[in-house]
Protein chains: 2
Amino acid sequence: MVRPPVRRATASLRTPFPTRDGAGLFSGCPEFVGTPLAYAREEEIFGDGEEAESVYRVVHGAVRTHKILSDGRRQVTGFHLPGDLFGFEQAETHRHTAEALSGTRVLIFKRRQIERIAAVRAEVACQLWSLAKRSLRHAQDHMLLLGRRSAQERVAAFLLDVDARMGGTGTFDLPMPRRDIADYLGLTIETVSRTFSQLEGEGALQRSGGRQVCLHHDRMHRLVED
Amino acid sequence: MVRPPVRRATASLRTPFPTRDGAGLFSGCPEFVGTPLAYAREEEIFGDGEEAESVYRVVHGAVRTHKILSDGRRQVTGFHLPGDLFGFEQAETHRHTAEALSGTRVLIFKRRQIERIAAVRAEVACQLWSLAKRSLRHAQDHMLLLGRRSAQERVAAFLLDVDARMGGTGTFDLPMPRRDIADYLGLTIETVSRTFSQLEGEGALQRSGGRQVCLHHDRMHRLVED
DNA sequence: CGTTAACTTGATGGAACTCAAGGTTCGTGG
DNA sequence: CCACGAACCTTGAGTTCCATCAAGTTAACG
């Protein structure tokens, strides 16, 4: 798979904004006050190999994290929606790249500070542990998808997951382009596109305008073995 | 992919043995005293959906954890060697099945007890957090492998990983059969077998007696893009 | 409204899967 | 110690699903 040269965000209008959300708690702990920051579409939030100074919480918009091989093959490891935390690392450096999918606001927390507080307050450390376990479970579910599911199952499972995270109404706008979906599901954009068409042909969903979809929950679910 | 009926351990000689290793610490915390227990080859340690009462540490032998779809497709999510912990769950029930690869001894810890101690001692909770982050990193690396790597790269990366975990001498016996390797790498046993042969043909490894391999480190590494 | 990126569709090819033997290893009992 | 059987592993032939290559078409945006 050949991939065009690395897409780097050009826009760098990183506009700090008022502390409206500054009171936003870190898992219900008032001592964590995040610094609000905004990123433009496709702007990099942190890069693979950089020192992991901060941890992030999405306030508005969406973020993707990915890993990339030297020849350009990319695996998107997660999409992060409002409320989600990302950027935790086991080591001192990031093992991922994080980029905004669209104009996105986040709260930034200092990793050192979080670790300092966790080292003293057991209930905070337990919350962080729990958070990591939740991510781990997601990663393991995704391994099953990547290792053993067909293209149709992957796309169907993905759409059901996004729907659930966006409110579960069955109608929503996908916050990411096909390339990101493909790289998340271990497929190519062509296969994702064809699978969308196929699902629409089978009456499992309807599309309007590329990004908007309306799922037929029952038929969709029937496509995903479990 | 059709799979033979679920392989259930028939042998159930779960023989508790003396407390020789009872002094084995839980990440250096003397208050955790595990109960030693032994499992026979292919014996189930815990099953998907069961209540997650315990957490385990491998003392001797090897364990695999996997997830399985209703039609039998299986994804092995990890192999656990002496010193490794497994069986932590985010929720109250296990989301995996764990089975002994060979005669295996483990130490069992009560999850409730660990949680009780973590809730009070921050440094313990931080260790557990760190452990979860390490597992998460492994899972994310594996996603990249499953989503984007070729069969040859998967097998080569796998062999290098096992070698490193078994001492890094380059010569070792694989503790698992081809089926488990295949289900770990998202391949079929035939493809794994063919890839072994291909790697041997290219001089990247030598086999003797099915399970024993001797890796040619340089050539092996060259096959794994990063 | 024009330009560009994003998405879709078609034709073709190939890596890995499936099906089917055959060979090897290893444990068990004669 | 050797013979037998049952897993386990390897190899071959044919097929399939998804990737690749190549146009088109639609949508987004200045």
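Chain letters run A, B, ... following the sequence lines, proteins first, then strands; residues in each count from 1.
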Rounded distance in Å - [atom1] ([X]) to [atom2] ([N]):
X: A/Gln198; N: C/dT9; atom1: CD; atom2: C1'; answer: 13 Å
X: B/Arg149; N: D/dA19; atom1: CZ; atom2: C1'; answer: 18 Å
X: A/Gln152; N: D/dT16; atom1: CD; atom2: C1'; answer: 15 Å
X: B/Asp183; N: D/dC9; atom1: CG; atom2: P; answer: 12 Å
X: A/Arg148; N: D/dC17; atom1: CZ; atom2: P; answer: 16 Å
X: A/Asp173; N: C/dC7; atom1: CG; atom2: P; answer: 12 Å
X: B/Leu146; N: C/dA16; atom1: CG; atom2: P; answer: 13 Å
X: B/Phe196; N: D/dC8; atom1: CZ; atom2: P; answer: 16 Å

Notebook entry, point to check: Which heavy-atom pair separates B/Leu199 from B/Leu223 by the least distance, and what is that distance?
Noted result: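 Minimum heavy-atom separation between B/Leu199 and B/Leu223: CD2-CD1, 3.3 Å.
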Side chain of [X] only, heavy atoms from C-beta on: which candidate in [options] is closest?
X: A/Thr188; options: D/dC18, D/dA19, C/dT9; result: D/dA19
X: A/Arg194; options: C/dT18, D/dC18, C/dA11; result: C/dA11
X: A/Pro177; options: C/dC7, D/dT10, C/dT8; result: C/dC7
X: B/Ser197; options: D/dT10, D/dA19, C/dA6; result: D/dT10
X: A/Arg178; options: C/dC7, D/dC9, D/dT20; result: C/dC7
X: B/Ser193; options: D/dA19, D/dC8, D/dT11; result: D/dT11
X: A/Arg211; options: C/dT9, C/dC7, D/dT20; result: C/dC7

Next item on the list: Would you mind classifying the nucleic acid contact of A/Arg154 as base, sugar-phosphate or nothing, using non-hydrogen atoms under 4.0 angstrom?
Entry: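 No contact.
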Checklist line | Closest-nucleotide 5' rank along DNA chain D - winner of B/Gly210 and A/Gly186 | finding: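 So the residue in question is B/Gly210.
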Next item on the list: Return yes if the base of C/dC7 and the side-chain atoms of A/Glu190 contain a donor-acceptor N/O pair under 3.5 Å, otherwise no.
Entry: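 For A/Glu190, whose side chain was compared with the base of C/dC7, there is no donor-acceptor pair (under 3.5 Å).
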Margin query: Strictly below 4.0 Å, N to O, side chains only: are B/Arg111 and B/Glu53 in salt-bridge contact?
Written below: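 The answer is no: the pair does not qualify as a salt bridge.
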Checklist line | B/Arg134, CZ atom: more than 12 neighbouring heavy atoms under 6.0 Å | finding: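 Result for CZ/B/Arg134: open.
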Margin query: Once rounded to the nearest 0.5 Å, what's the spacing between atom CD of A/Glu51 and atom CZ of A/Phe46?
Written below: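 Interatomic distance, A/Glu51 CD to A/Phe46 CZ, rounded to 0.5 Å: 13.0 Å.
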Next item on the list: May I ask you to establish whether A/Arg165 and A/Phe79 are in a cation-pi arrangement, using a distance under 6.0 Å from NZ or CZ to the six-membered ring centre and at most 45° from the ring axis?
Entry: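 Checked: cation-pi criterion not met.
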Next item on the list: Verify the contact: side-chain N or O of B/Arg179 to OP1 or OP2 of D/dA7, cut-off strictly under 4.0 Å; return yes or no.
Entry: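 Answer is no, no contact under 4.0 Å.
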